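Below: one structure, written as structure tokens.
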There are 2 protein chains.
Amino acid sequence: MTRPHLPTTTGLRVVAALAQHGTVSAAAQALNLTQSAVSKQLKAVEDLVGLALFTRTSRGLAPTEAGVIYIAQARVALGALETAAARVAGLRSSRPALRLHVLPILGDRWFMPRFSRFVEAHPDIEVQFSTFAASDTVEEADIVFRFGDGHWPGWQADYFLGREVLLVGAPQFIARGGGIDAPEDAWRFPILEHRQTPLHWSDFAASHGIGDVRPERMVRLGYYSLVIRAAIAGQGLALVPRSLILDELAGGQLVNPAGLGYSSTNCYWLTTPLDRPRHADLATFCDWALAEARETESTAAAQAPLAASQRS
Amino acid sequence: MTRPHLPTTTGLRVVAALAQHGTVSAAAQALNLTQSAVSKQLKAVEDLVGLALFTRTSRGLAPTEAGVIYIAQARVALGALETAAARVAGLRSSRPALRLHVLPILGDRWFMPRFSRFVEAHPDIEVQFSTFAASDTVEEADIVFRFGDGHWPGWQADYFLGREVLLVGAPQFIARGGGIDAPEDAWRFPILEHRQTPLHWSDFAASHGIGDVRPERMVRLGYYSLVIRAAIAGQGLALVPRSLILDELAGGQLVNPAGLGYSSTNCYWLTTPLDRPRHADLATFCDWALAEARETESTAAAQAPLAASQRS
DNA sequence: GAAACACTAGTCCAAAATGGAATAGGAGAG
DNA sequence: CTCTCCTATTCCATTTTGGACTAGTGTTTC
């Protein structure tokens, strides 16, 4: 046998990022590469595989049947590498690295812009992030960020962010649909849902006492990044924690019509294992992350009235 | 976050090959790279990980604690890539590739020297090999090479090779130990065992009617490649199918003292699923592989008397 | 004890791969 | 029609990779 044709690990990351972000340009930002580099890496993987992994549209990319299969295995491979890094980092006799498991949406929209502040403040603490790792590696992590109601046996859960959920959409899209003045107006529009957090719309309806969820249409997407992006593109209304879309709200790409939203019991939590000692670096990181999250939400709260006044 | 430090897929292959082959030079041969390239790739992975993955001795390399962890995840990652390739290959609307799952020892010692003959004879048939893939992918394969007694529910098993098992060792090593004229003489020596096929020595003892296995010492190794290599290095006696060591017997690196060995019911089988149609390419490959295996064993049988006469 | 053998690690250098800047071109929205 | 967002490609500089070769070490053989 000659040398097998394997993709590079950059190629795997590109494929995984494209699945999550939906466009070459957005994936490039997430990967800290240029649009041109990502485009070429995708082409290289597709040439190697011999099939297109994504279809191209003017709005971005969508996985093909082959792409869905390939993306799944790319994630398994990347997860194994995260596991290897995390487990080996745990063996260092010098100060062991902190092992964090983060959800994709938090990695992109919360850690990416802020983590450098932690590094500057604590250059001596090494942090190992995982996103794709399998559940056994997740359980080994020092900190696991989770979405839910805050109850995980064996784990202490500290509220992180996302309790305040807003109904949002692109301004022109909402205007074309006749505007939204009351919660039930939302059902005139297609709505977007993140598959892994499917309860939002029923919570929204329940919190406003408006009966069943009855939208014109519902589109389910695999990543919150894609939900947000589709909302910006005018493909539907979305329910999104305010803290995750501060820039889009400030920039006017998304608006929160009539200030509609609700307070969710399902939100993002910072969890730590109860059966392991809380060593100093872990405590330092938790304090920093929770404080930054509080600051994020203070900023979010301060912007809310401003956004409301811009709406009239 | 800046770009994560991921190993290259070549680095992963190097780490997995080193685990299997025990020396940089042997791994290089298996990978179709030079010793220098493999050495540099290993250094690059170890620099990235920040820990040594192998200890170096004058006889080769052995995994460290970190190495064992890393190797396991490297194999998971490579398995995922094999799965991706196999599943995507199955989607091609043109002639789908044959998906073969091969044991490491057969990949190295049987397919590596012979597969180019198949390619020359059938350039139009694409074959996808896997070795590391997880069990779900194995079950999807068109052909699975297995070691055992030939009974796997749902699979047709055709004898492939390995029924004739020889007691072998390095000539000087055997001479220093006083030679071997009878089966029980083997217990004066350390013996080597492949962890995944642990029954050989008891089968050897039973077939010669010599009671329990009572060697001076037993060393268990994770790969048959390492068993063969350790036998050549004079670290013990091994039981190995004749067909897998024709070159070593012919070259005198290993000898079969007193023609000792036995006929094993546990051997290598070519298995195909009963619940799927046997399409033409599959039949072509099976015919070729079984014919080549027959030829391998004819050659082996023809060499046996010659080796015996060289021994006196 | 010397020679031979098998091994790893490093240097030098050419080739290949990678990524960024820039550009071309397409599609949709305003 | 213009603007915006998008992908794909070209050009080029930089980085990475792998092979040839060498230096050095340790073990085995004679």
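Hydrogens, waters and symmetry mates are skipped; everything else that's a heavy atom, side chains included, is used. This structure is a prediction, so every number in the text was calculated from the model and none was measured. So that the names make sense, note that chain A is the first sequence line, chain B the second, and so on, each numbered from 1.
Atom pair A:Q172:CD and C:dA29:P shows a separation of 11 Å (rounding to whole Å applied). Atoms CD (B:Q29) and P (C:dA6) sit 11 Å apart, rounded to a whole Å. A:L31 has its CG atom 15 Å from the C1' atom of C:dG20, to the nearest Å. At whole-Å resolution of the value, NE2 in B:H21 and P in C:dA6 are 18 Å apart. Between B:L6 atom CG and C:dT18 atom P the separation is 14 Å, expressed in whole Å. The separation between A:R176 atom CZ and C:dG28 atom P is 14 Å, rounded to whole Å. Atom C1' of nucleotide D:dT9 and atom CD of A:E46 are separated by 15 Å, given to the nearest angstrom.
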Protein heavy-atom contacts under 4.0 Å, written 5' to 3' over nucleotides 3-8 of chain D as B (base), S (sugar-phosphate only) or - (none), form the string ---SBB

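Listed for the B:T64 side chain is a donor-acceptor partner under 3.5 Å among the backbone atoms of B:L53. A donor-acceptor pair is defined here as one N or O able to donate and one able to accept, closer than 3.5 Å; such a pair exists between the side chain of A:R188 and the backbone of A:G179.
Within 3.5 Å, no donor on the side chain of B:K40 pairs with an acceptor on the base of C:dG10, nor the reverse.
Put simply, the side chain of A:L78 reaches to within 4.5 Å of the side chain of B:L6, judged on heavy atoms. Using a 4.5 Å heavy-atom threshold, the side chains of B:E65 and A:L91 count as touching.
In this model, the phosphate group of C:dG19 is approached by a side-chain N or O of A:Q41 to a distance below 4.0 Å at OP1 or OP2.
Note: B:D185 CG to B:D181 CG = 6.0 Å, rounded to the nearest 0.5 Å.
Take B:F173 and apply the ring pair (Phe, Tyr, Trp, His ring centres under 6.0 Å) test, not counting sequence neighbours, and it matches B:F189.
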